[in-house]
Every structure is written in structure tokens, then in C-alpha cells.
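Here is the naming used below: chain letters follow the sequence lines, and residue numbers restart at 1 for every chain.
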Amino acid sequence: MHRWLENALRGAIEGVHVLAGQYVAYDMSCIIATFPDLEELVWETYRVGGVLCTSIREKLLDIAIGVFPYPIDTTGTKTKSFYSLADIARVSLGMTVSKGEDTWRTRYSELANVPLGKWPQEAIEYAIRDAELVSLILENQDERALGLHYDMPTQFDDVRADFALRMMSVWGIRVNTARVSELWEDSMSRLHEIAEQLVADKVAKRTKPKDEPPPGHMPMPAIQRNMAAIRELIEQTYPGTPPQTPGGKTSTAAEVIEECSDPVLIDLVEFGKVQKVASTYLTKMFEPLIHARFDAVGGASDRTSCRDPNLQNQPNVAGIRECFIPSPGHVFVSADFDSQEMRTLAQCCLDICGKSRLAERYQADRHFDPHLEFAARLAGISVEQAARLLAEKNEDIKALRQQSKVCNFGFPGGMGVDTFVHYAKGWGVEITPDRAQELKNAWFEQWPEMYTYFRHASNLVDFEGMSGVMIHPQSRFRRGGCTYMEISNGYFQTLAAHASKSAQFEVSRRCYVEPESALYGSRPVVFVHDELILEVPEFAIHETGQELERVMIEKMEKWTPAIPSSAEAKAMRYWSKAAERVVDAEGRLTVWEETS
DNA sequence: GGCATTGGCGCC
DNA sequence: AAAGGGCGCCAATGCC
């Protein structure tokens with residue numbers, strides 16, 4: 001087995017063949033677990049592009065024609081597919097394949113020490129059929145790709161990311177469970193207090209408990225909200241007519257409720273917030289080592305996703321992130337791309353419009369701050385003056401920079417003025433619709449290329465009727481069935497996704513199998529779109545941080561060749577959004593310590 | 001009781 | 001002409 005695998009890997013590295021499978025990252029991680037001496041060969045096979053994954057290819061094809069994640073099967077029915085081998089066989093080949101637990105799929109460990117000659121016939125047949133299916137699907141995918149004139153150019157990058165993310169998942173991330181317990185108990189006492197009040201106020205009733213509490217801990221109060229009563233209360237106390245949901249019902253969003261200033265409703269909002277944190281996040285954190293699962297092609301934009309639990313949407317407040325800790329003897333070193341989507345937008349504008357002021361500004365200064373530059377325009381002062389005021393912590397320029405930032409985040413996606421007012425509120429920026437219009441006008445003057453950018457997006461949609469096809473100028477990644485806004489967003493979001501994934505793979509590769517690298521021996525533990533967190537031996541913080549920045553920038557600039565990039569490393573003893581970059585007197589990266 | 005949808009909210 | 005997008009997960013609710 002070992003010899004056969006070694007030859008298979010070497011053959012793929014030499015280009016004699018490629019290795020293909022359904023979710024190959026799983027198989028490859030198992031190979032490494034079983035034969036650690038093959039690890040270098042596995043990484044090298046990925047590096048040279050010797051691996052194909054039917055699941056990823058299927059997603060890319062579905063994205064290209066705009067049906068992801070609900071493909072149309074061979075009978076013409078729109079189905080929800082999870083891109084398992086059985087799903088793909090059913091949807092694309094029209095074959096019925098059982099994937100239940102009654103099959104051998106998950107039972108081969110029973111045969112670990114059984115010689116092949118003594119394997120049950122069904123176990124052998126299942127394995128052979130599995131390989132045959134992969135082969136049939138590959139062929140079918142090639143035919144469909146040919147029909148689209150689309151060779152899935154990002155598939156190797158996606159497959160590499162899939163593997164690196166799988167390795168991250170296997171490694172896991174550690175949790176300070178004592179701290180989780182404290183947070184849980186605090187939350188539960190508060191929830192019980194509010195629950196009692198809500199029941200007395202008749203906006204909720206007691207129900208039977210649903211889930212077992214974590215062992216040795218207080219249970220979650222078992223109540224059910226009376227949404228009809230709550231909507232009625234909102235309608236009575238909201239100043240004016242309360243906003244409605246698309247379904248036509250009165251919105252019960254926290255933002256709406258806060259306008260009511262009714263004590264019962266305020267309790268309800270607090271209950272909701274505490275309950276959300278406890279049930280969504282804390283319940284998953286009683287394990288000392290968590291293996292969240294990442295999906296390399298989680299969305300139609302080629303972004304990743306994460307689940308069980310989702311480490312990509314951990315709350316910034318409430319001390320949740322702070323429960324994640326490195327292995328003993330290690331610290332976290334994290335780095336994120338500076339204004340990643342502004343830079344990918346600049347590259348896209350250059351590619352699509354031919355000219356971009358945003359691009360020119362980045363080309364003039366790698367550390368260009370697009371938010372400050374636009375704030376200076378809004379203030380009617382020079383950028384130098386604005387920078388000086390900001391350094392002096394001038395409140396006016398800080399507020400304008402915040403407004404500017406919201407513009408730069410919202411408007412590139414095609415956001416309208418009314419939505420912008422609402423969106424800005426979420427960023428703590430209160431503005432009138434008139435001011436929003438003023439900002440939007442000024443924003444177009446700031447980045448004049450955006451007129452052309454939006455016209456291009458609009459043309460793509462109009463020519464096709466209701467939906468358009470986005471073909472990325474840098475990657476040739478194709479996404480069909482797009483609305484105007486999906487295209488406006490898609491260009492820069494997708495390019496950022498490509499860049500982050502490439503960086504994530506290369507950083508991981510060096511961590512695992514590149515002894516010459518300062519990253520060697522460190523382990524990636526979290527990936528959050530534009531941010532990478534590693535656990536690093538405490539003595540190696542500075543060198544690791546430096547190389548992490550270098551590799552991220554180098555990989556990013558492969559996707560934004562006309563735009564310089566920037567990434568900054570920080571070191572911390574636990575995951576925290578509050579952490580800052582700290583350097584000692586010699587300019588060496590050191591651990592941030594909280595000073596409260 | 002199980003399943004799917006809606007509304008809402010956490011993050012980038 | 002005008003139009004934020006991308007996720008995962010939870011509670012409530014509607015449907016079978």
C-alpha cells in the first residue's frame with residue numbers, strides 16, 4: 001500500500017498522471033496520518049497541481065452556469081445538492097447511488113487489519129464502484145466544461161485550499177473551557193432573570209427544555225416567544241409605521257425595537273442577544289479541542305465557508321473569541337490583508353475600465369489609506385492635513401473617516417442611498433438620506449472609474465435579460481446567473497477569495513514541510529477570508545510574523561499584479577479583536593498584552 | 001414528529 | 001433607472 005501510494009504521488013508530481021477523487025483532501029489527510037513519511041510528497045503533489053476533486057469541479061461548473069447550490073438534475077428538477085459523490089452521480093449522471101450508513105463507505109476501519117483476500121465481496125465492490133464513479137463523473141464534467149468553453153482555471157487553487165483547510169481542521173483549535181464555563185454561567189443567570197420577566201409580561205411562555213445543558217452547568221431557560229404579541233406591541237409603541245419584512249409582516253429586528261423604547265421590548269432584545277451568543281457559540285465550545293470544518297468552495301463567489309462551529313463569524317464582543325487559545329508553549333500570530341477588497345477592486349477597475357484612480361493611488365503608495373483620502377475630500381482639506389489631524393486624534397476627521405469607510409465598503413457593491421442609511425447605522429454612523437446622497441455623489445467624484453465599472457456590470461446583465469455571466473479578468477473564473485449587484489460585488493470579492501486561498505495554501509505548506517522556512521513548525525488554526533491565524537512557538541514570533549506577511553503579500557500580488565499589497569502581523573496569547581501590533585525597541589514583533 | 005422556509009443576526 | 005454581496009446557525013412557524 002505504502003509503495004503503491006508513493007508511486008502514485010511521484011507519478012502525479014512528474015506529470016505522468018493526476019490523482020482524482022471525491023473530496024480528495026480527506027483521502028490525502030488520511031494518507032498522511034497513516035504514512036507520515038509521505039507528507040512531503042502529498043504537499044508537493046498539490047503544489048504542482050497533480051490533484052483533481054470531483055466535488056470542487058462540480059461546484060465550479062454549477063457556479064459557471066448559475067445554479068449553485070441548487071443544480072438541475074437530469075430530469076430537469078431543481079434539487080438541493082450537497083455535492084457528495086452520490087449527489088453528483090444522481091444529479092449529473094442520473095444514477096441512483098445509496099450513501100446511507102448501511103454501505104461500506106464509513107466502515108473500512110473494520111478491515112484495517114484484514115488481508116485483502118479476506119475482505120467481504122461487498123466491501124471490495126463498493127471501493128471499486130467508488131473509483132469507477134469518480135472516473136465517470138470526471139468524464140462527464142469534462143464534457144460539460146467543453147460545452148461551456150470553460151476549463152475551470154481556478155480548480156487547482158481551490159483543490160489546494162481544500163487540502164490546506166482540511167489539514168487546519170484536523171489540527172484543530174484549542175479552547176479555554178474554564179473561561180467558557182464562566183461565560184455560560186453568567187449568561188444563564190441573566191437569561192433566567194429576563195425570561196421570568198418576559199413570561200410575566202406575556203410575550204413569552206414556558207416550554208419544555210429542548211437540549212441538555214452542558215454537564216454540570218445551568219440549563220438554558222426554556223421559553224418560547226409569542227411573536228404575534230411582540231409584533232402587536234411594536235405596532236403600538238413604534239413612532240410612526242414600523243418597517244415590514246419582505247413577507248409583509250412587522251419587522252421584529254433589534255434596530256426596529258430600539259426605536260420603540262418599551263421596557264418589555266428592550267428586555268426581549270437583550271434576551272435575544274445573550275441567547276444568540278450562548279446557543280450559537282458557547283454551546284460548541286465546551287470541547288478543549290475543536291475541529292471546525294471548512295469548505296474551500298463554500299459559495300458562488302469562490303469564498304470559503306466554515307461550520308460546526310463556524311469560526312468565521314465569531315462575535316467581536318462578549319469575550320467569545322478570547323476563549324480560543326494556542327497550544328502550550330505557543331502564541332497566536334495573525335495577519336490580515338490591509339483593505340484587501342479595496343485593492344482587488346482597484347485591480348478589477350484597471351482590468352475592466354482601463355484606468356483607475358484607486359489603482360494609481362495604491363501604485364503611488366503601498367500603504368495608501370483610501371478612507372482617509374476620501375475623508376479629506378469630504379472635509380475639503382488636503383490629505384496631508386487630514387493625516388495630521390488624524391494623528392492628533394481630531395474627532396471631526398475621525399468621524400469623517402468613518403463615514404468614508406462606510407462609503408468605500410458599501411458603494412462598490414452598488415448600494416443605493418436608502419439602504420446606505422441603514423447600512424451606515426450598523427457601523428455607528430447616523431446620517432440622513434440627503435447626506436447619504438451627498439456622500440454617494442462625492443464618492444463617484446473620488447473614484448470616477450466607478451461609473452464605468454457599474455455600467456459594465458449593468459451591460460452584462462442587460463444583454464442577457466435578467467442575469468449575466470461574470471468572467472473574471474484575472475482568473476477567468478466564471479459565474480453565471482448573476483444580478484447587477486452580484487456582478488458589482490463579485491469581481492472584487494472573488495478576486496480577494498482567490499488571493500486569500502493561495503496565501504493560505506502556501507503559508508500552510510511552509511508550516512508543514514518547508515524546513516528552510518521561518519514558518520516551519522507553526523500551524524495554521526483559523527482562516528477568516530482575509531485573515532490567517534497561526535500558532536507559533538513563542539521563541540519564533542518575529543521571524544514567523546515577518547515571513548507570514550511576506551508570503552501573504554507575494555501570493556496576493558499574483559492576483560493583483562498591478563496593485564501593491566500589505567499585510568500586518570500581530571502576536572497574542574488568545575484570539576482577540578482588540579489585539580494590536582506590538583514591536584519592541586529593536587523593532588521585533590512581540591506579544592500584545594492586554595492593559596486594562 | 002420531521003422538513004423547509006422565513007426572519008434575524010453573527011462575521012468578512 | 002435602480003439595485004450590497006458572501007456565508008452558517010438559531011428560533012419560530014407553516015406544511016405534510
Side-chain angles (χ1 to χ4, degrees), chain A residues 63 68-69 80 204-205 207 210-211 220 222-231 243-257 268-269 271-284 292-295 297-318 320-321 336-337 339-341 344-345 406-420 422-424 426 440 454-455 457-458 461-462 466 468 470 479 482-494 496-497 500 526-532 577:
Chain A
I63 291 167
F68 178 84
K80 186 166 183 164
K205 62 177 182 190
T207 57
K210 271 181 306 185
D211 304 309
M220 182 92 73
I223 62 165
Q224 186 171 2
R225 296 169 188 74
N226 180 346
M227 298 310 288
I230 292 167
R231 289 206 170 83
Q244 298 203 325
T245 65
K249 285 186 278 191
T250 297
S251 167
T252 59
E255 184 196 312
V256 174
I257 287 181
L268 211 57
V269 170
F271 188 89
K273 285 196 195 314
V274 179
Q275 185 189 40
K276 168 96 180 168
V277 169
S279 62
T280 305
Y281 303 102
L282 287 177
T283 52
K284 317 290 167 55
R293 300 173 50 160
F294 291 83
D295 188 340
V297 184
S301 65
D302 203 32
R303 265 190 165 197
T304 64
S305 69
C306 177
R307 63 188 170 97
D308 302 328
N310 183 354
L311 292 177
Q312 295 179 327
N313 70 346
Q314 294 296 308
N316 269 329
V317 290
I320 304 289
R321 286 181 185 225
D336 61 345
F337 289 110
S339 310
Q340 188 188 30
E341 288 192 344
T344 54
L345 175 64
V406 183
C407 292
N408 285 332
F409 287 164
F411 289 142
M415 191 177 281
V417 166
D418 291 338
T419 313
F420 184 81
H422 170 256
Y423 177 73
K440 192 169 181 180
F454 288 129
R455 196 179 322 119
S458 179
V461 175
D462 290 342
M466 288 306 291
M470 180 191 87
R479 178 176 171 188
C482 293
T483 64
Y484 162 79
M485 288 166 290
E486 286 167 340
I487 291 176
S488 304
N489 275 289
Y491 277 119
F492 60 83
Q493 191 181 90
T494 292
S500 297
V526 182
F527 174 78
V528 194
H529 306 301
D530 67 344
E531 178 187 13
L532 198 46
K577 205 63 190 174

*Asks:* Would you indicate, yes or no, if dC12(B) has its OP1 or OP2 atom less than 4.0 angstrom from a side-chain nitrogen or oxygen of N316(A)?
*Replies:* yes

*Asks:* For a quick check of understanding: with a heavy-atom distance under 4.0 Å over all strands, which category does Q224(A) fall into, base, sugar-phosphate or nothing?
*Replies:* sugar-phosphate

*Asks:* Rounded to 10°, tell me the angle between the two end axes of the helix from dG1(B)-dC16(C) to dC12(B)-dG5(C), each built from five pairs.
*Replies:* 10°

*Asks:* Hey, does the side chain of S279(A) reach the backbone of Q275(A) with a donor-acceptor pair shorter than 3.5 angstrom?
*Replies:*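 It does hold such a pair.
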
*Asks:* What's D295(A) touching, base or sugar-phosphate or nothing? Going by heavy atoms closer than 4.0 Å.
*Replies:* nothing

*Asks:* Dump the intermediate steps for side chain to side chain contact (heavy atoms under 4.5 Å, CB included) on R225(A) and T252(A), then the final yes or no.
*Replies:* CA-CA 12 Å; R225(A) 296 169 188 74; T252(A) 59; over 6 Å; no

*Asks:* For the pair made of CD1 in I320(A) and P in dC9(B), what is the distance, rounded to whole Å?
*Replies:* 17 Å

*Asks:* Rounded to the nearest Å, what distance is computed from the NZ atom of residue K276(A) to the P atom of nucleotide dG8(B)?
*Replies:* 13 Å

*Asks:* Checking all strands, does Y423(A) fall into the base, sugar-phosphate, or nothing category for heavy-atom contacts under 4.0 angstrom?
*Replies:* base

*Asks:* If you pin M485(A) and H529(A) to their nearest nucleotides in DNA chain C, which one's is more 5'?
*Replies:* M485(A)

*Asks:* Walk along DNA chain C from 5' to 3' and tell me the first and last nucleotide with an atom closer than 4.0 Å to a non-hydrogen atom of chain A.
*Replies:*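 Range of nucleotides touched by chain A: dA3(C) to dT13(C).
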
*Asks:* How would you label the contact of R321(A) with the nucleic acid (heavy atoms, under 4.0 Å): base, sugar-phosphate, or nothing?
*Replies:* sugar-phosphate

*Asks:* In the structure I gave you, are the side-chain heavy atoms of N226(A) and K205(A) within less than 4.5 Å of one another anywhere?
*Replies:* no

*Asks:* Base, sugar-phosphate, or nothing for A254(A), non-hydrogen atoms under 4.0 angstrom?
*Replies:*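 Sugar-phosphate, no base atom in range.
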
*Asks:* Mind checking what makes salt bridge (charged side-chain N to carboxylate O under 4.0 Å, His left out) contact with D336(A), not counting sequence neighbours?
*Replies:*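 Scan of D336(A) (salt bridge (charged side-chain N to carboxylate O under 4.0 Å, His left out), adjacent residues dropped) gives none.
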
*Asks:* Just the rounded figure in Å: distance from P of dG8(B) to CD1 of I230(A).
*Replies:* 11 Å

*Asks:* Starting from P on dG7(B), measure out to CD on E255(A) and report it in whole angstrom.
*Replies:*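 In whole Å, dG7(B) P lies 16 Å from E255(A) CD.
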
*Asks:* What's Q314(A) touching, base or sugar-phosphate or nothing? Going by heavy atoms closer than 4.0 Å.
*Replies:*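 Here Q314(A) touches the backbone only, sparing every base.
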
*Asks:* Report yes if the side chains of K249(A) and M227(A) come closer than 4.5 Å at any heavy-atom pair, otherwise no.
*Replies:*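 No, every pair of side-chain atoms sits at 4.5 Å or beyond.
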
*Asks:* Please report the C-alpha distance between I320(A) and L282(A) in whole Å, then the side-chain angles of each, then the deciding distance to 0.1 Å, and finally whether the side chain to side chain contact (heavy atoms under 4.5 Å, CB included) criterion is met.
*Replies:* CA-CA 8 Å; I320(A) 304 289; L282(A) 287 177; 3.7 Å; yes

*Asks:* Which atom pairs, one a donor and one an acceptor, fall under 3.5 Å between side chains of residues 297-310 of chain A and the rest of the protein, sequence neighbours left out?
*Replies:*
from    : atom 1 : to      : atom 2 : distance (Å)
S301(A) : OG     : R303(A) : N      : 3.3
S301(A) : OG     : Q493(A) : OE1    : 3.0
D302(A) : OD1    : K501(A) : NZ     : 2.9
D302(A) : OD2    : H498(A) : ND1    : 2.8
T304(A) : OG1    : Q312(A) : NE2    : 3.0
N310(A) : OD1    : Q312(A) : N      : 2.7

*Asks:* Is any side-chain heavy atom of Y423(A) closer than 4.5 Å to a side-chain heavy atom of M415(A)?
*Replies:* yes

*Asks:* Please name all residues satisfying side chain to side chain contact (heavy atoms under 4.5 Å, CB included) with Q244(A), sequence neighbours left out, ordered by chain then number.
*Replies:*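 Result, side chain to side chain contact (heavy atoms under 4.5 Å, CB included) vs Q244(A): none returned.
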
*Asks:* Taking any heavy-atom pair under 4.0 Å as a contact, classify T483(A): base, sugar-phosphate, or nothing.
*Replies:*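 Nothing, no heavy atom under 4.0 Å.
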
*Asks:* When you measure from every atom of DNA chain B, which of residues 298-308 of chain A have a heavy atom less than 4.0 Å away?
*Replies:* R303(A)

*Asks:* Starting from the C-alpha separation in whole Å, work towards a yes-or-no answer on side chain to side chain contact (heavy atoms under 4.5 Å, CB included) for V269(A) and K273(A).
*Replies:* CA-CA 6 Å; V269(A) 170; K273(A) 285 196 195 314; 4.0 Å; yes

*Asks:* Parallel under 30°, tilted from 30 to 60°, perpendicular over 60°: which one fits the rings of F420(A) and F411(A)?
*Replies:* parallel

*Asks:* Within the 4.0 Å heavy-atom criterion, would you say R479(A) contacts the bases, only the backbone, or no part of the nucleic acid?
*Replies:* sugar-phosphate

*Asks:* Are Q314(A) and V526(A) close enough that some pair of their side-chain heavy atoms sits under 4.5 Å apart?
*Replies:*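 Of all side-chain heavy-atom pairs linking V526(A) with Q314(A), none is under 4.5 Å.
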
